[in-house]
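Right, one structure below, let's go through it.
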Amino acid sequence: MAKYLVTGAAGFIGRSIAAALLARGESVRGVDSFITGKRANLAGLEAMEFVEGDLSDPAVCARVCKGAEIVFHEAALASVPRSVADPVSTNRHCVTATLNLLVAAREAGVRRVVYAGSSSAYGDTPTLPKHEGMLPNPISPYAVAKLAGEHYMRAFTRVYGLETVVLRYFNVFGPYQDPTSHYSGVLAIFCRKMLAGEQPTIYGDGEQSRDFTYIDNVVHANLLAAAAPAEKVSGQMMNAATGSRITLNETFRILREWTGYSGKPAYAEPRAGDVRDSLADISLAGKLLGYKPIVDFREGLRRTVQWYRGSA
Ligand code: UD1
């Protein structure tokens, strides 16, 4: 019987959490539909019990929750532009799947669900840094869907007593992030293209900024969230990020140096639903979890470039 369930275990963040749990000798079950997850991401996770299935099917949720004590809910259909193109699919795989999972978790006697929230919930309000007390202002279907999941978490804590913790991720990047899709995270796309000598495209003027968060920080926050005392964290939502930001233009300049790409970026129209600036206040996670980032942006980017170089 697996103590931990990781949803989206063949995705970038899910597989990274599963790998960290396995490294600690924990028993882990993973589930993934392979809609965006990759079989190749399961390499190295052979000790994990793996179930292929889609959480928008309640029977799959019931099957995977059986016997689990802690759930890391990472499965989602990520990407703002994907949600703009197909909001119904985003709703199904982010909202319906999350509700089904919560119902099954409660039924199965799961103790705690740790949920992958998104910084997109803050929207494009000018206030920086974004802190948890701010009113949500979702401006894309993706942001709405991820925020709905947060509300379901809290409702399940309030109404049914299921322990839930929401971590609002800020632009997570690192090894295993899929660089091949039009909907991939920008750093994965830039690394792949620039290492291959291809010209990357910057949407807008490149002066938009992000609190790009290296994957190890997010894994660390998840492990802390799973272990923290319920009276401190259950029903709470907090940012998981680094608390610093960088523009796309600056990121491009660093990558130019590290990848050997000698060209310029192409500039294109800004993307619909895009947020201008994003930066987290990480003091609440510090207070509730004792969280501090363990790998800074430059070091994370250096490791990421190295990884894509090796896996290309
Ligand atoms: C948003 C969320 C993030 C979430 C992610 C899921 C915000 C602030 N962040 O990320 O928490 O994890 O969705 O997908 O809402 N870009 C280019 N060229 C490219 C690709 C992207 O210039 O080839 C630009 C985008 O227009 C955007 C920035 O890079 O301005 C980051 O884009 P992306 O990596 O897709 O993430 P967000 O939409 O910021």
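Just the heavy atoms: all of them, side chains too, but no hydrogens, waters or symmetry mates, feed the values below. Position 1 is the first residue of the sequence, and the numbers go up from there.
The two atoms that bring A9 and L42 nearest to each other are O-CD2, 3.8 Å, heavy atoms only. The two residues A266 and Q199 come nearest to each other via the heavy atoms N-NE2, 3.5 Å. Minimum heavy-atom separation, N100 to C61: CB-SG, 3.6 Å. When all heavy atoms of S56 and A97 are compared, the closest pair comes out as N-CB, 4.0 Å. Scanning both residues, Y291 and H220, for their nearest heavy atoms gives CD1-CD2, 3.9 Å. Between P293 and I282, the shortest heavy-atom distance links the atoms CD-CD1, 3.6 Å.
By the 4.5 Å side-chain criterion applied to Ile, Leu, Val, Met, Phe, Trp and Tyr, L77 is assigned to a cluster that also includes I35. With side-chain heavy atoms closer than 4.5 Å counting as contact, directly or through intermediates, the hydrophobic cluster containing I139 also holds V275. Under a 4.5 Å side-chain heavy-atom criterion applied to ILVMFWY residues, the cluster that includes Y183 comprises that residue alone. Membership of an apolar cluster is not assigned to V144, as no side-chain contact below 4.5 Å to another ILVMFWY residue is traced.
Legend: side-chain hydrogen bond (donor to acceptor under 3.5 Å, both in side chains) pairs involving residues 226-235, not counting sequence neighbours: none detected.
The side-chain heavy atoms of Y308 and P175, taken from C-beta on, include no pair separated by under 4.5 Å. Residues T7 and V64 fail the side-chain proximity criterion, which asks for heavy atoms closer than 4.5 Å. Counting heavy atoms from C-beta outward, R112 and V165 have side chains that approach closer than 4.5 Å. Between N137 and D124 there is a side-chain heavy-atom pair separated by less than 4.5 Å. The shortest side-chain heavy-atom distance between V305 and C191 falls under the 4.5 Å cut-off. Contact of the T96 side chain with the L55 side chain is not registered, since no non-hydrogen atoms from C-beta on lie closer than 4.5 Å. A heavy-atom distance below 4.5 Å is not found between the side chains of R245 and Q208. Residues S119 and N171 have side chains in contact (heavy-atom distance under 4.5 Å, counting atoms from C-beta outward).
With no hydrogens or angles considered, no side-chain donor-acceptor pair links R210 and S278 at under 3.5 Å. Counting only N and O atoms by type, the side chains of T213 and T242 include no donor and acceptor under 3.5 Å apart. Between Y122 and N239, the side chains place a donor N or O and an acceptor N or O closer than 3.5 Å (distance only, hydrogens not considered). If you check the side chains of T125 and T127, you find no donor sitting under 3.5 Å from an acceptor.
For E46, the CD atom is densely surrounded, since the number of other residues' heavy atoms within 6.0 Å is greater than 12. Around the CZ atom of R63, the shell of radius 6.0 Å holds no more than 12 heavy atoms that belong to other residues, nucleotides or ligands. Counting heavy-atom neighbours within 6.0 Å of R302 CZ, excluding the residue itself, gives a total above 12. Residue E250 qualifies as enclosed at atom CD: its count of foreign heavy atoms under 6.0 Å is above 12.
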Practice task
Applying side-chain contact (heavy atoms from CB on, under 4.5 Å), run through T98 and H73 and close with a yes or a no.
Solution key: CA-CA 8 Å; T98 296; H73 182 35; 2.9 Å; yes

Exercise for the section: Begin from the C-alpha positions of F212 and V186 and carry the test side-chain contact (heavy atoms from CB on, under 4.5 Å) through to its verdict. Expected result: CA-CA 10 Å; F212 287 114; V186 66; 3.6 Å; yes

Exercise for the section: Determine, step by step, whether V172 and Q177 satisfy the side-chain contact (heavy atoms from CB on, under 4.5 Å) criterion, reporting the C-alpha distance in whole Å, the side-chain angles of both residues, the deciding distance to 0.1 Å, and the verdict. Expected result: CA-CA 9 Å; V172 189; Q177 190 171 31; 5.8 Å; no

Exercise for the section: In sequence, state the C-alpha distance, the side-chain angles, and the governing distance for K130 and F170, and then conclude on side-chain contact (heavy atoms from CB on, under 4.5 Å). Expected result: CA-CA 10 Å; K130 311 288 187 195; F170 280 65; 4.2 Å; yes

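Expressed to the nearest 0.5 Å, how far NZ of K66 lies from CD of E107 amounts to 12.0 Å. Separation of atoms CG (L301) and CD1 (I246) is listed at 8.0 Å; rounding is to 0.5 Å. If you take CG on L102 and OG1 on T164, they are separated by 7.5 Å, rounding to the nearest 0.5 Å. The CG atom of L167 sits 6.0 Å away from atom CE of M238, with the distance rounded to the nearest 0.5 Å. H151 NE2 to L99 CG: the interatomic distance, rounded to the nearest 0.5 Å, is 14.0 Å. Considering CD1 of I189 and CG of D178, their distance stands at 9.0 Å, rounded to 0.5 Å.
With E69 contributing its side chain and A2 its backbone, the two residues share no donor-acceptor pair below 3.5 Å. Side-chain N or O atoms of N41 include one that pairs as donor or acceptor with a backbone N or O of A10 at under 3.5 Å. Of the possible donor and acceptor atoms, one in the side chain of K146 sits under 3.5 Å from a partner among the backbone N and O of A116. In this structure a side-chain-to-backbone donor-acceptor pair under 3.5 Å is missing from S89 to D86. A donor-acceptor pair under 3.5 Å is formed between the side chain of D211 and the backbone N or O of G243.
Clustering ILVMFWY residues whenever any of their side-chain heavy atoms sit less than 4.5 angstrom apart, transitively, puts V95 in a cluster other than the one holding V88. Residues I70 and V51 fall into different hydrophobic clusters, defined by Ile, Leu, Val, Met, Phe, Trp and Tyr side chains chained together at heavy-atom separations under 4.5 Å. Residues L5 and Y152 share a hydrophobic cluster, clusters being chains of Ile/Leu/Val/Met/Phe/Trp/Tyr side chains in contact below 4.5 Å. Put simply, L135 and L147 are part of two different groups of oily side chains (I, L, V, M, F, W, Y) that touch within less than 4.5 Å, one to the next. M48 is connected to I215 through a chain of hydrophobic side-chain contacts under 4.5 Å among Ile, Leu, Val, Met, Phe, Trp and Tyr, so both are in one cluster.
In this structure, the side chain to side chain donor-acceptor pair (under 3.5 Å) partners of N249, at least two apart in sequence or on a different chain, are E207, Y267. Looking at residues two or more places apart in sequence or on another chain, you find a side chain to side chain donor-acceptor pair (under 3.5 Å) between E49 and R29. Partners of R168 by salt bridge (Lys or Arg N to Asp or Glu O under 4.0 Å), not counting sequence neighbours, listed by chain and number: E150. For R298, there are no salt bridge (Lys or Arg N to Asp or Glu O under 4.0 Å) partners at least two apart in sequence or on another chain. Legend: residues meeting salt bridge (Lys or Arg N to Asp or Glu O under 4.0 Å) with D205, ordered by chain and number and at least two apart, are R276. Every residue two or more places apart in sequence or in another chain that forms a side chain to side chain donor-acceptor pair (under 3.5 Å) with E74 is listed here: Y169. With sequence neighbours excluded, no residue forms a side chain to side chain donor-acceptor pair (under 3.5 Å) with R158.
Classification of the F34-F50 ring pair by plane angle, with boundaries at 30° and 60°, yields tilted. Ring geometry, F72 versus Y4: the interplanar angle falls under 30°, so the pair is classed parallel (tilted spans 30 to 60°).
Here D32 does not pair with K38 in a salt bridge; the nearest charged N to carboxylate O distance is not below 4.0 Å.
With Y261 as the aromatic partner, R256 does not meet the cation-pi criteria of under 6.0 angstrom to the ring centre and within 45 degrees of the ring axis.
Aromatic ring centroids of F173 and Y214 lie under 6.0 Å apart.
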